[in-house]
Trainee: 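Can you keep this structure in mind? I'll have questions shortly.
What's counted below: heavy atoms across the whole structure, side chains too, no hydrogens, waters or symmetry copies.
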Protein chains: 2
Amino acid sequence: MSEAILSPTSSTDALAHPLRARALPIETDGEAMIFMHEDCPVARSEGFRARVRVELVAKGRRLLATLYRATDDLLADDEVGLPHRLMARLSLAEGDELQVRHPHPLSSLSHVRAKLYGHRLDEIRLGHIIADIADGRYSDVDIAAFVSAFAAQPAQGEETAALTRAMLAAGDRLEWNADRVMDKHCVGGLPGNRTTPIVVSIIAAAGLTMPKTSSRAITSPAGTADAMETMAPVTLDLAAMQKVVEREGGCIVWGGSVNLSPADDVLIRIERALDVDSDAQLVASVLSKKLAAGSTHVLLDLPVGPTAKIRSTRDADALAGLLENVARQCGLHVATVQTDGTQPVGRGIGPALEAHDVLAVLANRDDAPQDLKARALALAAGILELSGAPRSDALHRATQLLVEGRAESKFLAICEAQGGFKEPGRALQTREFLAARAGRVATFDNRLLARTAKLAGAPQRATAGIALHVKSGDLVEQGQPLFTIHGESMGELDYAFAFALRNSDMIRLEAQ
Amino acid sequence: MSEAILSPTSSTDALAHPLRARALPIETDGEAMIFMHEDCPVARSEGFRARVRVELVAKGRRLLATLYRATDDLLADDEVGLPHRLMARLSLAEGDELQVRHPHPLSSLSHVRAKLYGHRLDEIRLGHIIADIADGRYSDVDIAAFVSAFAAQPAQGEETAALTRAMLAAGDRLEWNADRVMDKHCVGGLPGNRTTPIVVSIIAAAGLTMPKTSSRAITSPAGTADAMETMAPVTLDLAAMQKVVEREGGCIVWGGSVNLSPADDVLIRIERALDVDSDAQLVASVLSKKLAAGSTHVLLDLPVGPTAKIRSTRDADALAGLLENVARQCGLHVATVQTDGTQPVGRGIGPALEAHDVLAVLANRDDAPQDLKARALALAAGILELSGAPRSDALHRATQLLVEGRAESKFLAICEAQGGFKEPGRALQTREFLAARAGRVATFDNRLLARTAKLAGAPQRATAGIALHVKSGDLVEQGQPLFTIHGESMGELDYAFAFALRNSDMIRLEAQ
């Protein structure tokens with residue numbers, strides 16, 4: 001610390017000598033990482049150390065990357081090694097010319113520092129930050145500071161609305177040929193809570209428009225897109241999606257093929273790594289995605305429970321207040337409902353197991369999970385009410401659409417329009433997990449149950465996961481199965497079973 | 001965001017299948033980065049995506065690393081690729097067995113989150129964080145959150161003292177055979193401010209003990225170790241350093257060969273990348289290093305100026321107060337002095353050019369830079385006073401030791417003890433930068449001057465840098481040289497000259 005911390009000043013404008021691109025057989029999950037030989041004359045004359053940020057210029061495009069050094073014969077000394085996907089992203093072929101130089105300082109980082117020191121940011125400054133993040137100009141370290149700043153200096157309604165608009169502006173925005181575009185979102189999912197396919201089917205059967213874009217699992221055992229994919233194709237481009245919605249009024253597709261609020265995914269990755277987020281960033285994330293998807297009316301489901309994302313009704317009230325405040329400022333009609341988040345929903349946890357639950361509810365089968373059915377009906381009623389239906393009538397109408405089979409017909413029609421319905425599969429291997437003693441089921445640890453399903457192979461193996469046989473309050477005998485683990489290989493099954501044995505308290509039994 | 005953000009839960013304790021180590025010819029500046037083939041069965045069964053944190057187990061040692069994927073033939077599917085330096089750090093040879101598994105969650109990260117949300121941390125919690133950082137268990141993202149937390153939630157004296165003790169505890173601590181071990185430190189250096197060799201020589205000549213460990217430049221054109229190295233060897237191990245100090249009472253060596261406050265370098269790298277720091281982390285950084293070096297009495301020099309690290313006397317007062325408060329709590333005697341930080345010190349900026357200034361002062365040459373001499377004498381007097389000498393006598397005594405040549409003799413004796421004195425070199429190429437018009441020298445931009453010296457090749461090329469010919473207040477004619485750029489190649493000289501031309505306001509002239 002015996003020298004000044006000098007911030008980087010503007011680089012020389014003259015470009016450095018040209019180098020040649022060379023694809024490297026590595027996969028970095030989107031991280032811009034490049035390699036130059038330790039004897040590269042440009043690296044030497046520019047004084048590049050390993051692990052510095054540099055600017056790459058190729059074919060008139062500029063990109064910030066982290067530089068590492070190659071030794072020996074990995075590269076020639078006039079080559080720049082790039083992960084093959086980064087080559088593709090820059091439309092570069094082997095041997096194409098490119099240049100590497102000191103980056104200009106990112107002026108928006110001064111706004112991140114200002115936020116960290118407690119200043120409020122306006123929409124213009126937030127716009128600069130979000131545009132730089134969406135364009136890949138922030139390093140992970142920069143993003144961590146931005147995420148930390150919002151955690152340490154909570155934003156109120158106005159600043160959160162500015163952040164929401166900034167995130168919306170950084171991506172595409174869909175438009176639909178309808179006055180009212182209905183949507184729903186569950187904030188902080190619960191294992192097995194796969195209401196979306198049922199709700200969309202009811203709402204579309206009611207004649208409303210509900211073009212649903214869903215995510216795949218990132219850390220959970222299944223996302224809506226994963227479960228839906230066991231019954232129909234979900235990777236549709238915008239034109240195909242529009243055709244489905246025009247014909248059926250609704251769709252249930254994967255949102256990843258459209259560029260909605262692109263900074264969001266970048267922020268979420270760092271929030272997960274740090275296990276840090278803020279109400280402001282959560283609200284901006286949810287609402288910017290909904291605005292970008294062209295939704296006008298959104299029902300927000302907030303499950304509350306000790307092992308859910310939202311742990312208390314007090315937290316839920318605060319979050320609901322901020323969601324409603326910001327939605328109003330952004331011209332979005334929303335309603336929030338707080339739901340039970342103390343235990344998983346339905347029986348299945350894992351893509352295909354959840355799909356079987358969904359189909360059982362849509363078919364009005366006697367053995368359909370009643371909690372999933374009740375939640376889906378309540379949410380559908382909430383959306384009908386949000387669309388202007390009288391409250392006294394909404395639940396009745398949603399129930400009718402389901403029990404008369406019109407929701408099921410609509411679901412099958414949507415699947416056909418998306419490319420064709422198929423029955424979800426069944427796992428090759430199963431193993432029951434038995435109660436070690438008798439008692440009453442007291443509590444569920446949602447996180448450990450989700451982890452068990454993932455160890456069994458979900459969501460990569462669509463049929464893997466767990467099927468629960470008990471609910472909170474049930475009386476069980478010693479030796480009675482609490483859940484069944486489903487897997488595609490005995491190895492994965494054993495792995496999940498061993499984990500469950502070591503964490504058998506994830507379903508806690510109270511002595512009678 | 002339609003799923004819960006699940007924090008990673010404990011991994012299975014059973015180790016995964018053994019893999020084989022393979023050295024990769026890459027250099028990552030200490031970042032633990034490993035590669036596994038996309039078809040590696042362990043990566044598949046564990047569900048490792050690219051860019052996840054994993055735990056590496058080899059020869060009974062564990063290490064956290066970031067995993068990337070290799071495609072094609074970079075690696076076999078049972079191999080783990082490691083940068084060759086990481087192989088060496090783990091004492092691994094080609095083909096040695098190792099294992100890769102999900103990491104256990106770092107419990108100390110919950111303390112980082114608590115700090116971010118405004119809770120104060122005690123010494124035990126800070127100790128866990130700092131030990132994990134020193135052991136390389138924090139990713140850059142984690143460290144960025146820790147740095148951001150202290151910037152957003154300023155720590156007061158008690159918490160800062162706890163941080164200082166935690167940083168001290170994570171490394172080695174030197175011991176000296178003396179009651180009083182004198183030291184000095186300049187907080188946020190100024191280009192050319194190379195007082196240390198002069199001050200150590202005066203203090204050792206006065207019969208006191210001053211074993212000085214100095215840093216090399218990281219972002220500046222020269223560190224004390226770089227300048228000293230142009231006159232004598234500075235890379236001494238602890239035993240050699242102790243011999244020098246026993247014989248001469250002082251030394252001026254590079255601190256990098258002893259493990260003092262190892263978390264500090266890790267934190268500084270991220271603070272620089274973000275251009276974010278906090279008084280608390282600065283104080284803990286400085287004082288933990290001094291305590292670790294075995295110092296008991298430390299004079300702290302705080303240069304204040306608009307382009308210095310400390311920009312106002314108000315900031316300097318606050319920092320001085322915290323430094324004195326924390327030093328007291330840690331049993332360290334300190335005094336702080338605020339000095340002029342508005343312009344560079346001496347003439348030279350760059351290792352050898354600064355060394356020439358130092359030798360001119362020590363030799364009492366008429367052309368020696370008087371500002372460097374005055375600063376060195378004032379600091380030496382401050383240290384004498386801190387050791388118990390009466391204030392009225394201290395400056396006189398320091399001046400006598402210098403003008404009688406005893407400081408010069410001591411300096412040469414220290415150089416001999418460290419391995420032998422040599423004259424610093426002179427650059428092969430020089431080029432004068434001339435005043436574009438007449439006027440009075442008004443202000444200097446320390447940062448841009450430092451950047452010019454670096455572009456000329458400092459500190460890698462020891463003789464490179466700039467030699468200033470004017471000081472604030474001087475009257476200059478049009479065409480009169482303001483400074484001379486020194487370099488080893490015409491290319492670097494031209495590069496630095498072009499930068500200076502574009503930023504000619506770095507020495508601002510006022511019309512008369």
Trainee: Between Ser148(B) (side chain only) and Ser148(A) (backbone N and O only), is there a donor and an acceptor less than 3.5 Å apart?
Mentor: no
Trainee: Using a 4.5 angstrom heavy-atom cutoff, name the option from Leu67(B), Leu74(B), Val112(B), Val141(B) with the most pairs to chain A.
Mentor: Val141(B)
Trainee: Is there a side-chain contact between Asp140(A) and Asp140(B) in this structure, where contact means two heavy atoms from C-beta onward sitting under 4.5 Å apart?
Mentor: no
Trainee: Is Gln153(B) in contact with chain A via its backbone, its side chain, both, or neither, using a 4.5 Å heavy-atom distance?
Mentor: side chain
Trainee: Taking the side chain as every heavy atom from C-beta outward, state whether Met33(A) and Met33(B) have any pair of such atoms under 4.5 Å apart.
Mentor: yes
Trainee: If I measure from the heavy atoms of chain B, does Ala149(A) come under 4.5 Å with its side chain, its backbone, both, or neither?
Mentor: neither
Trainee: Most heavy-atom pairs under 4.5 angstrom with chain A, which of Asp72(B), Thr28(B), Val52(B)?
Mentor: Thr28(B)
Trainee: Can you tell me how far CG of Leu106(B) sits from CG of Asp275(A), rounded to the nearest 0.5 angstrom?
Mentor: 12.0 Å
Trainee: Are the side chains of Arg269(A) and Arg51(B) in touch, meaning some heavy atoms are under 4.5 Å apart?
Mentor: yes
Trainee: Taking NZ, NE, NH1 and NH2 as the nitrogens, is one of them in Arg113(B) or Asp277(A) under 4.0 Å from a carboxylate oxygen of the other?
Mentor: no
Trainee: Quick one: pull up NE2 in His102(B) and CZ in Arg451(A) and give me the separation to the nearest 0.5 Å.
Mentor: 5.5 Å
Trainee: Answer with side chain, backbone, both or neither: which region of Arg53(A) has an atom nearer than 4.5 Å to a non-hydrogen atom of chain B?
Mentor: neither
Trainee: Please determine, among Ala144(A), Gly30(A), Ala152(A), Pro83(A), the option with the most heavy-atom pairs under 4.5 Å with chain B.
Mentor: Ala152(A)
Trainee: At a 4.5 Å cut-off on heavy atoms, which part of His84(B) comes close to chain A: side chain, backbone, both, or neither?
Mentor: side chain
Trainee: For each of Asp265(A), Leu75(A), Ile26(A), tally heavy-atom pairs with chain B at distances under 4.5 Å, and name the one with the top tally.
Mentor: Ile26(A)
Trainee: What part of Tyr68(B) is in contact with chain A, defined as an atom under 4.5 angstrom from a non-hydrogen atom: side chain, backbone, both or neither?
Mentor: both
Trainee: Which one wins on heavy-atom pair count under 4.5 Å against chain A: Pro25(B), Pro303(B), Pro191(B)?
Mentor: Pro25(B)
Trainee: Identify which part of Ala151(B) has an atom lying under 4.5 Å from any heavy atom of chain A, answering side chain, backbone, both or neither.
Mentor: both
Trainee: With a 4.0 Å cut-off, would you call Asp29(A) and Arg69(B) a salt bridge?
Mentor: no
Trainee: So, taking the atom named CG in Leu109(A) and the one named CG in Leu274(B), what distance separates them when rounded to the nearest 0.5 Å?
Mentor: 7.5 Å
